[in-house]
Asks: 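I'd like to ask you about the structure that follows.
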Amino acid sequence: MQLTVWTYEGPPHVGAMRVATAMEGVHYVLHAPQGDTYADLLFTMIERARRRPPVTYTTFQARDLGKDTAELFQQAARDAYARFQPQAMLVGASCTAELIQDDPGGLVSALDLPVPVVALDLPSYTRKENWGVCETFYQIVRQLADRDIRPAPREGRRPRANLLGPTALGFRHRDDVTEVSRILAAMGIDVHLVAPRGATPADIAGIGAADFNILLYPEAGDSAARWLERTFGQKTVRTVPIGHGATLDFINEVAAIAGVDPTPALPSNLPWWSRSVDSTYLTGKRVFIFGDATHAIAAARVARDELGFEVVGLGCYNREFARELKAAARAHGLEPLVTDDYLAVEAAIQAAQPELVLGTQMERHIAKRLRIPCAVISAPVHVQDFPARYSPQMGFEGANVLFDTWVHPLVMGLEEHLLTMFRDDFEFSDAAGASHLGAGLAEPALAPEQSAAEAAIHSWTQEAERELKKIPFFVRGKARRNTEAFATAQGLSLITIDTLYEAKAHYAR
């Protein structure tokens, strides 16, 4: 076990909470010690949910371990049913309670409650949050779906689709569902069910009445979608519509499965990006991408094919989708980065020297410390990534949001060089730092291969330092490192203005 100050994913029971909180008419009884109730804050503080998660904790304490904790759990389950009257109950244990081995499923089945009970076996020491989401949703669908239900004959009605995967605490899931539903409506397709977000156990029972499924978030809905394919013969749309090109592919795949005309959902004009002024001075920017596999892979396609960026790093933290990430990295000619160690991600960012980072909340902090512009594209996220405004990631409107979110940090960076005209003003001096990266920040950290001792062997003339400061801040660190590397290769300890220009000519070849 690795001790860390931050993690990309929580334990699997947090994933189960995300499913329970997303649904209606479900209650989760969690065998857990008193301290594990911290998870409530993820929903009430970060997602700003208007109600606390539908979770009852047994909250046993150290002194309870010498007693019958099984009876404690059964009483908590009885009380939860009597108080909340759910349509279905989930039962399970947190990572700490798992060590007690009380078997929550068996304990509750002995109570003979008058509602379905879904027992969750979530191994906390070998699995993590996203797996917990996927497994919980799969078990709910498997146990609650009515296997006798089939779609009604198609004559005289519109095709129907299930949208699978949106959860609580998901990155822009609320707005993605709205955007995808609009696309389907334009094609003459009805949304039969969105699950787990907003679904009740009764809704899940009728999941087989849809003609096909749309898997919006594979991390959450892949297992359930595969079971529905086997059980009901429902086909699954697996193209994730993030970006303009992927949305076109999505529409065509949906149209082929549903047997409808895709034309009404297609845009009337081509993307304006390639004709804009922005494309001339932002094309070729180096971008490093890290997040959950689905969003990271989609972001790499958008960055390269739609914005003309150069992808210099691609990785994910959820190992269950390592194969898909590695295939995408190979397509970009990159070495894949599959890790849940944020320090390894930071080292990779430093080594790649990107001009933009697309990542999670953790990469936002890493990039800020390294003075690199950053946009968040994936969970884990913080409260600012649950905006009150409509801000999807999917569909054509989502493509507009991606453009604004990714390009604006670069535009701000390019504008910073204008501040050199006001360098003597106390607000705009080098010591003040870049306005959009926070005040009082130091120069960027040394590259991993450059130690402080190595940097100290070079001395710069005042003329060379003045010339270096004429270079915009967002590439100044790179220019300094390249010049010092060139000087080392030439055996020079003193860097003059001539050395600076010779290095520039060398690296421009």
Side-chain angles (χ1 to χ4, degrees), residues 243 273-274 276-291 295-296 298-315 329 332-335 337 345-378 402-420 430 433-438 441-450 468-485 500 503-504 506-509:
W273 158 252
S274 61
S276 70
V277 174
D278 288 338
S279 67
T280 63
Y281 62 80
L282 293 178
T283 298
K285 289 295 180 183
R286 295 165 55 83
V287 59
F288 188 100
I289 301 171
F290 191 87
H295 284 88
R301 176 180 176 178
V302 173
R304 182 189 65 184
D305 298 347
E306 300 180 24
L307 300 184
F309 293 165
E310 178 187 357
V311 180
V312 297
L314 179 60
H332 288 267
L334 299 171
E335 186 69 25
L337 177 63
V345 178
E346 180 171 357
I349 291 173
Q350 286 182 294
Q353 292 296 305
E355 294 159 285
L356 175 68
V357 173
L358 302 176
T360 72
Q361 170 73 1
M362 270 187 272
E363 282 67 49
R364 191 207 311 266
H365 287 288
I366 290 170
K368 186 172 183 179
R369 194 174 71 80
L370 299 177
R371 294 168 59 86
I372 302 172
C374 179
V376 173
I377 63 163
S378 162
L402 295 181
F403 172 82
D404 289 340
T405 306
W406 300 5
V407 170
H408 286 176
L410 288 171
V411 172
M412 295 175 71
L414 289 167
E415 290 171 349
E416 291 285 348
H417 76 278
L418 297 175
L419 300 181
T420 57
D430 278 346
S435 60
H436 71 290
L437 295 179
L441 292 176
E443 284 295 314
L446 297 173
E449 69 276 4
Q450 182 185 30
L468 180 68
K469 289 183 178 179
K470 294 179 182 179
I471 300 174
F473 84 93
F474 47 88
V475 290
R476 191 182 306 156
K478 182 178 180 180
R480 179 185 288 275
R481 286 187 289 273
N482 285 347
T483 302
E484 291 180 350
L500 182 62
K504 179 180 179 182
H506 172 77
Y507 286 106
R509 293 172 188 169

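Along the sequence shown, the residues carry numbers beginning at 1. Predicted model only: the values in this text are computed from it and were never measured.
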Asks: Rounded to the nearest 0.5 Å, how far apart are CZ of Arg304 and CZ of Arg301?
Replies: 9.0 Å
Asks: How far apart are the C-alpha atoms of Arg364 and Gln361, what are their side-chain angles, what is the distance that settles it, and do they pass the side chain to side chain contact (heavy atoms under 4.5 Å, CB included) test?
Replies: CA-CA 5 Å; Arg364 191 207 311 266; Gln361 170 73 1; 2.7 Å; yes
Asks: Testing the basics here: between Phe403 and Leu307, what is the closest heavy-atom pair and its distance to 0.1 Å?
Replies: CD1-CD2, 3.9 Å
Asks: With respect to Ile289, which candidate in Val357, Leu334, Leu314, Leu356 satisfies the side-chain contact (heavy atoms from CB on, under 4.5 Å) definition?
Replies: Leu314
Asks: Can you confirm whether Val311 sits close enough to His332 that some side-chain heavy atom of one is under 4.5 Å from a side-chain heavy atom of the other?
Replies: yes
Asks: Between the side chain of Glu306 and the main-chain N/O of Ala303, is any donor-acceptor distance below 3.5 Å?
Replies: no
Asks: With a 4.5 Å cut-off on side-chain heavy atoms, are Val302 and Trp406 touching?
Replies: yes
Asks: Shortest non-hydrogen contact from Gly291 to Ala296?
Replies: N-CB, 4.1 Å
Asks: How many angstroms lie between atom CE of Met362 and atom OG of Ser378, to the nearest 0.5 angstrom?
Replies: 10.0 Å
Asks: Restricting to non-hydrogen atoms, name the atom on Leu500 and the atom on Leu468 that form the minimum distance, rounded to 0.1 Å.
Replies: CD2-N, 4.0 Å
Asks: Which atom names give the shortest non-hydrogen contact between Phe290 and Leu337, and what distance separates them?
Replies: CE1-O, 3.8 Å
Asks: Just how far is it from atom CD1 of Ile366 to atom OG1 of Thr360, taken to the nearest 0.5 Å?
Replies: 7.5 Å
Asks: Apply side chain to side chain contact (heavy atoms under 4.5 Å, CB included) to Phe309 and Leu410, showing your working.
Replies: CA-CA 12 Å; Phe309 293 165; Leu410 288 171; 3.7 Å; yes
Asks: Please report the shortest heavy-atom distance between Cys374 and Ala367, naming the atom on each side.
Replies: CB-CB, 3.5 Å
Asks: I'd like to know if the side chain of Glu310 and the backbone of Arg286 have a donor-acceptor N/O pair within less than 3.5 Å.
Replies: no
Asks: Between atom CD1 of Ile372 and atom CD of Glu363, what is the distance when rounded to the nearest 0.5 Å?
Replies: 11.5 Å
Asks: With heavy-atom distances below 4.5 Å as the criterion, would you say the side chains of Val287 and Pro354 are in contact?
Replies: no
